[in-house]
Amino acid sequence: MGNSHKRGKVLLMYALIDCNNFYASCERVFNPSLVGKPVVVLSNNDGCVIARSNEAKALGIVMGAPAFQFEKDFEAKGVHVFSSNYALYGDMSARVMNILSEFSPDIEVYSIDESFLRFDGFKEHFNLQQYALEIIARIKRDTGIPISVGIAPTKSLGKVANKIAKKFPVRTQGAYAIDSEESRIKALKWTKIEDVWGIGRAHSKRLQAIQIDNAYKFTQLPNDYVQKQMSIVGLRLKRDLSGERILDLEKIPVKKNIAVTRSFKNNIDDVRDLEERVATYAIKMGEKLRRQKSCCTVIYVFLHTNQHRQDLAQLHRAVTIKLPYPTNSSIDLIKFAKSGLHRIYKEGYKFKKAGIIAMELTPENQKQYTLFTSENPKHLILMKTIDHLNTQTGQKVKFGSQDLKSFWKMRRERLSPRYSTRLEDIIKVICH
DNA sequence: TCTGGGGTCCTAGGACCC
DNA sequence: TCTGGGGTCCTAGGACCC
């Protein structure tokens, strides 16, 4: 394996831990009768499939499949369908990540269902394969969630190892280690180019055109060619896959942008209805900003018609607004977002989606107040109070510009209970 | 009728300046 | 025939991720 991943005598290793079919697995934890049955979870508005159990995958239900097209299929094949329940998934994720952090002091929570752990020096003291099996058993016992573990000297190789663990659950028992030069090459030759982490549709298509159809062949390309075609990002990936430790754990970054965007259940053409939507997004954005203690100085507002309806006139409009002062007050954000909306709105179009994005975030405690334009200091106290009411008491405070009749409520017809975060929904165990 | 949402990073090229 | 040149900043858009 060369010496590229060794420093002194300490062997450097990473583990990538990934929850299997996470959302579908979460639904199963609280409804064990679903074990062994096909389960799918739908996106917002029950639009398309975003998670599938292995049984659902085997039935040929593809990722992103529009739910309405598969409705009959679901019924015919006995597929259990759920609306996405982020309160449940977020809570289950936190439990899993908490336990994982007991197994290494160095952890990067990469996404809701994935973490990298650093195992530097562990190999001298543990059988890593065995250690991985312990992690799997512990997570299963304490949360009910099945996971896969890939162990390797670099992060991108950890991804490869994880994929092998998932693909051969019986042989690997859910854990696979790339721990020699031979196993690295064998694993890369097995990995299709389009399955490599960091190589998406566009790049894999271009690589396939020059007969680069697996990850090993990709690592044999000249550096300057890779850099030219795929920029510095591609070159870093090539070196990391070759066994050089290029990618390392990343700290949870403070977000640089915060977006709130939604598709509507139905088309909207009335500007007053759009105002209500945009105001609601602005409030949500304010909450997100305050949670990470940031203010924004720029907001971006956009409107889209339905791109799937080629029979209707299409329009994409957007505007970037520089705010006079950094803010995270929902009241201000509503005002600015609405003014943006009025600049881009055009009569005569049926809009399907709108969104706002907060940009150029600054820490809340570093506000630069300008002399004449600044925010109303009363907002600060008001927002604190509202956040407290919303998060601590379960009350929902609404603003005047919001719809009070829940007319816009997302379609979530098949929502499971919030088993783990809502007392009324807690699971009942009946003993006889 | 019905097709998700929220992020990051990099580069090319234009605007502008001296 | 020949039409400066180089630096910086900004933005749009492409590519990727889960």
Side-chain angles (χ1 to χ4, degrees), chain A residues 16-23 40-52 61-72 74 81 83-86 89-90 93 108-116 155-156 159 162 193-207 226-237 247 250-267 281 284-285 288-289 292 298 300 302 304-312 316 318-320 322 350 352-361 410-414:
Chain A
L16 172 63
I17 290 149
D18 189 326
C19 301
N20 301 343
N21 314 323
F22 183 54
Y23 298 168
V40 303
V41 177
L42 304 179
S43 64
N44 282 345
N45 279 325
D46 293 347
C48 56
V49 173
I50 54 168
R52 306 158 295 158
I61 296 161
V62 294
M63 191 72 165
F68 73 91
Q69 278 177 9
F70 280 74
E71 206 61 55
K72 283 223 173 76
F74 291 155
V81 182
S83 303
S84 40
N85 183 346
Y86 287 103
Y89 312 149
S93 170
E108 173 191 347
V109 176
Y110 179 70
S111 73
I112 193 163
D113 67 339
E114 270 177 67
S115 273
F116 287 99
K155 281 174 89 175
S156 62
K159 277 271 191 182
N162 185 284
I193 193 69
E194 64 268 29
D195 293 336
V196 176
W197 182 45
I199 295 183
R201 260 221 318 268
H203 284 143
S204 61
K205 206 172 153 197
R206 230 177 297 149
L207 288 165
V226 174
Q227 170 144 19
K228 195 159 177 219
Q229 294 289 318
M230 304 171 64
S231 87
I232 191 72
V233 180
L235 183 56
R236 280 204 288 259
L237 174 64
L247 310 171
E250 283 169 32
K251 299 224 179 314
I252 314 145
V254 175
K255 285 197 178 59
K256 295 171 180 166
N257 295 305
I258 288 180
V260 183
T261 74
R262 293 283 183 282
S263 299
F264 315 131
K265 234 185 310 180
N266 306 109
N267 294 327
Y281 301 167
K284 184 92 192 154
M285 192 165 86
K288 288 184 174 190
L289 284 165
Q292 76 161 37
V298 168
Y300 177 90
F302 70 83
H304 290 179
T305 48
N306 187 345
Q307 52 173 343
H308 299 287
R309 290 287 300 274
Q310 290 307 323
D311 55 317
L312 297 178
H316 278 45
V319 64
T320 305
K322 174 103 182 111
K350 295 189 181 307
K352 178 64 179 171
K353 181 174 182 174
I356 57 178
I357 304 174
M359 301 190 294
E360 294 190 20
L361 308 191
M410 256 201 295
R411 206 164 88 182
R412 289 173 94 183
E413 285 167 1
R414 298 179 261 210

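Note on naming: letters A, B, ... go to the chains in the order of the sequence lines (proteins, then strands), and numbering restarts at 1 for each one. Side-chain atoms are counted along with the backbone in the values below, which use heavy atoms only and exclude waters and symmetry mates.
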Ile232(A) CD1 to dT8(B) C1', in whole Å, measures 16 Å
With heavy atoms under 4.0 Å as the rule, sort Lys228(A) into base, sugar-phosphate or nothing.
-> nothing
Its contact letters, B for base, S for sugar-phosphate only and - for none at protein heavy atoms under 4.0 Å, make nucleotides 11-18 of chain C read ----SSSS
Can you tell me if Ser204(A) uses its side chain to pair, donor with acceptor, with the backbone of Gly200(A) under 3.5 Å?
-> yes
Phosphate OP1/OP2 of dG7(B): any Lys288(A) side-chain N/O under 4.0 Å | yes
Once you round it to whole Å, what is the distance between P of dG5(B) and CG of Asn85(A)?
-> 17 Å
Compare side-chain N and O positions of Lys265(A) against OP1 and OP2 of dT1(B) and report whether any pair is under 4.0 Å apart.
-> no
Residue pair Tyr23(A)/Ile258(A) against DNA chain B: nearer the 5' end by closest nucleotide is Tyr23(A)
Lys352(A) NZ to dT3(B) C1': how many Å, rounded?
-> 8 Å
Mind calculating the distance between CD1 (Ile357(A)) and P (dG5(B)) to the nearest angstrom?
-> 12 Å
Taken to the nearest 0.5 Å, the spacing of Ile61(A) CD1 from Gln69(A) CD works out to 13.0 Å
For dT3(B) and dC18(C), measure between their P atoms and round to the nearest Å.
-> 25 Å
Check whether any side-chain N or O of Ser43(A) sits under 4.0 Å from OP1 or OP2 of dT3(B), and answer yes or no.
-> no
Spatial distance of atom OH (Tyr300(A)) from atom CG (Asn257(A)) [nearest 0.5 Å] | 11.5 Å
N/O (side chain, Asn257(A)) to phosphate O (OP1/OP2, dT8(B)) under 4.0 Å | yes
Between Phe74(A) and Phe68(A), does the ring centre distance come in under 6.0 Å?
-> no
Locate the shortest heavy-atom distance separating Tyr281(A) from Ile356(A); write the atom from each residue and the value.
-> C-CD1, 3.5 Å
Comparing Tyr86(A) and Gln227(A) on DNA chain B - which has the more 5′ nearest nucleotide = Tyr86(A)
What is the distance, rounded to the nearest whole Å, between atom CD of Glu413(A) and atom C1' of dT1(B)?
-> 13 Å
Which atom pair, heavy atoms only, marks the closest approach of Phe264(A) to Asn45(A)?
-> C-ND2, 4.2 Å
Parallel, tilted or perpendicular: which fits the ring planes of Phe302(A) and His304(A), with parallel below 30° and perpendicular above 60°?
-> tilted
Rounded distance in Å - CD (Glu250(A)) to P (dG7(B)) = 16 Å
Select one nucleotide: of dC10(B), dG6(B), dG4(B), the one nearest the side-chain heavy atoms of Val233(A).
-> dC10(B)
Watson-Crick or G-U wobble partner for dC18(B), using a 3.5 Å limit on both distances?
-> dG5(C)
Asp113(A) side chain to Phe22(A) main-chain N or O, any donor-acceptor pair under 3.5 Å?
-> no
Return the value, rounded to whole Å, for the distance between atom OH of Tyr300(A) and atom P of dT8(B).
-> 15 Å
Take the protein atom CZ of Arg414(A) and the nucleotide atom P of dG4(B), then report the distance between them rounded to whole Å.
-> 15 Å
Under 4.0 angstrom between Lys255(A) side-chain N/O and dT8(B) OP1 or OP2 | no
Counting heavy atoms from C-beta on, name the nucleotide in dC2(B), dG5(B), dG7(B) closest to the side chain of Arg309(A).
-> dC2(B)
Phosphate-side-chain proximity, Thr261(A) and dG6(B), N/O vs OP1/OP2 below 4.0 Å | yes
